[in-house]
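One structure is given below, encoded as structure tokens.
Indexing begins at 1, ligand by ligand and atom by atom, following the structure's order.
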Amino acid sequence: MKRALITGVTGQDGSYLAEYLVRNGYEVWGLVRGQSNPHRARVQRLVEELRFVEGDLLDQSSLVKAVDLVQPDEVYNLAAISYVPLSWQQAELTGEVTGLGVLRMLEAIRMVSGINGSGSAPRGQIRFYQASSSEMFGKVREVPQNEFTPFYPRSPYGAAKAYGHFITRNYRESYGLFAASGILFNHESPRRGREFVTRKISRAVARIRLGMQQELRLGNLDAVRDWGFAGDYVRAMHAILAQETPVDYVVGTGRTHSVRDAVRMAFAAVDLDWERYVVVDPALVRPAEVDLLCADAKNARTRLGWEPQVSFPELMRMMVEADLERTARERDASGPLADW
Ligand code: NAP
Ligand code: F7E
């Protein structure tokens, strides 16, 4: 039985990846931080199958202890400060967690594996996956973006992810570690945090439909993204570590939609006219925007055999339906439910 350690297991992707690996016969451990971590709702359904180990990407020794205890075959580093606007508010912390946190995980693997000199990684080594991001492309140099497109990050988050990406590659080249990154484009689900735009929209649409909210305030409606379903993307993470050699891959659908398209689809799903409810709020426009992201995921398709299965219209409908159901439950319980 293979053993996996997932950092960020309490987040959107961590929960889908844990489910996927459990279904594939893995023993799955999740790294959780803080005393009595309150964010375990997303993995509540897996509580029988999952094991937890304490640790924090800010604390090197906790990561060494976690890797030493678990002795994993595979480490998936999904933990990060992942909300782009927060990265301007807490730029240093973002650098520490999203950037240097990757180095600390790599160092933990290196130390526990007893790798000291260059190129000395032993056989049967721990495989490492880094959650890189299309935000590294930022002000894009070409459309669509592939594994060779230069980076031009536009936020402290994007800059921290670029560091994480290059340090992962550097540990592969310096120590012979099996370390690879997935450069994933935006992926969403009913488990998406409420601050991200698709979930902000689907939740507002449900609340407006049920008479609990009057308007939806948004920033830049013209931003264009390549959005997919998170459940599809965790299959790519696993496939990247299942290859013979460690290689970085771009993962996305190759299809684009604007924030305005997402709004239109979500309101249409409940037969409402979006223009009556959406207010553009300049305070929500970012200091530097990423205008357009579109993946060229040819390598993922041909070498990993990866294909997304859920289209963006299906995804928006799935999210609106899930929020309608949740919001009705919240209304009946007269308060927010204790989950995401
Ligand atoms: P998410 O829902 O925001 O989850 C982030 C996770 O990181 C949470 O489990 C959080 O734990 C954990 N975390 C934060 N700070 C930590 C620390 N100091 N030590 C240990 N854990 C910490 O993110 P996601 O959407 O699942 O994304 C997963 C990863 O993929 C992230 O690295 C993200 O940057 C990257 N990514 C995401 C997308 C996307 O579209 N979703 C695209 C490209 C890349 P708590 O529950 O304790 O807060
Ligand atoms: O914004 C625009 C906003 O916050 C998408 C993270 O998972 O994907 C995510 O980062 C777009 C931006 O995602 C609002 O300006 C308009 O252009 O949903 P988002 P993101 O910034 O693309 C990447 C790949 C990651 O790696 C990140 O971790 O939507 N937008 N109005 C808005 N965005 C938000 N959040 N809220 C608004 O009111």
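- If you look at R33 next to ligand 1, the close heavy atoms, those under 4.0 Å, all belong to the side chain.
- Here E135 has no heavy atoms under 4.0 Å from ligand 1, in either its backbone or its side chain.
- Partner of H238 under the side chain to side chain donor-acceptor pair (under 3.5 Å) criterion, out of W306, Y76, Y26: Y26 alone.
- Ranked by closest heavy atom to atom 10 (C) of ligand 1, the top entry among V251, V84, T10 is T10.
- Only backbone heavy atoms of E195 (N, CA, C or O) come within less than 4.0 Å of ligand 2; its side chain stays farther off.
- At under 3.5 Å, a nitrogen or oxygen of R225, whether backbone or side chain, sits near a nitrogen or oxygen of ligand 2.
- Residue-level proximity to ligand 1 for F196 is absent, since no heavy atom of it falls below 4.0 angstrom.
- Nearest protein heavy-atom neighbour of atom 41 (N) of ligand 1: R192 NH1, 3.2 Å.
- At least one N/O-N/O distance between V197 and ligand 2 falls below 3.5 Å.
- The V84 neighbourhood of ligand 2 comprises atoms 10 (O), 21 (O), with distances under 4.0 Å to a heavy atom of that residue.
- In terms of N/O distances under 3.5 Å, ligand 2 is approached by K200.
- When non-hydrogen atoms are compared, ligand 2 lies under 4.0 Å from the side chain of V259 (C-beta onward) but not from its backbone.
- Every atom of ligand 2 is numbered from 1 in the order shown, and the set under 4.0 Å from a heavy atom of A223 is 17 (O).
- A distance of 6.0 Å separates CD in E195 from OH in Y83, rounded to the nearest 0.5 Å.
- Counting the atoms of ligand 2 from 1 in the order shown, those under 4.0 Å from a heavy atom of G219 are 14 (C), 16 (C), 31 (N), 38 (O).
- For ligand 2, none of its N or O atoms has an N or O atom of S134 under 3.5 Å away.
- H187 NE2 to R192 CZ: the interatomic distance, rounded to the nearest 0.5 Å, is 6.5 Å.
- Cluster annotation: L58 is not connected to Y157 through the hydrophobic network of ILVMFWY side chains, with a link wherever side-chain heavy atoms come within less than 4.5 Å.
- Listed by atom number, the atoms of ligand 1 under 4.0 Å from L184 heavy atoms are 42 (C), 43 (C).
- Near S133, meaning under 4.0 Å from one of its heavy atoms, ligand 2 places the atoms 23 (C), 24 (C), 25 (C), 26 (O).
- When non-hydrogen atoms are compared, ligand 1 lies under 4.0 Å from the side chain of V97 (C-beta onward) but not from its backbone.
- The nearest non-hydrogen atom to atom 16 (C) of ligand 2, considering only V263, D281, N220, comes from N220.
- In terms of protein heavy atoms, atom 28 (C) of ligand 1 is closest to L78 O, 3.4 Å.
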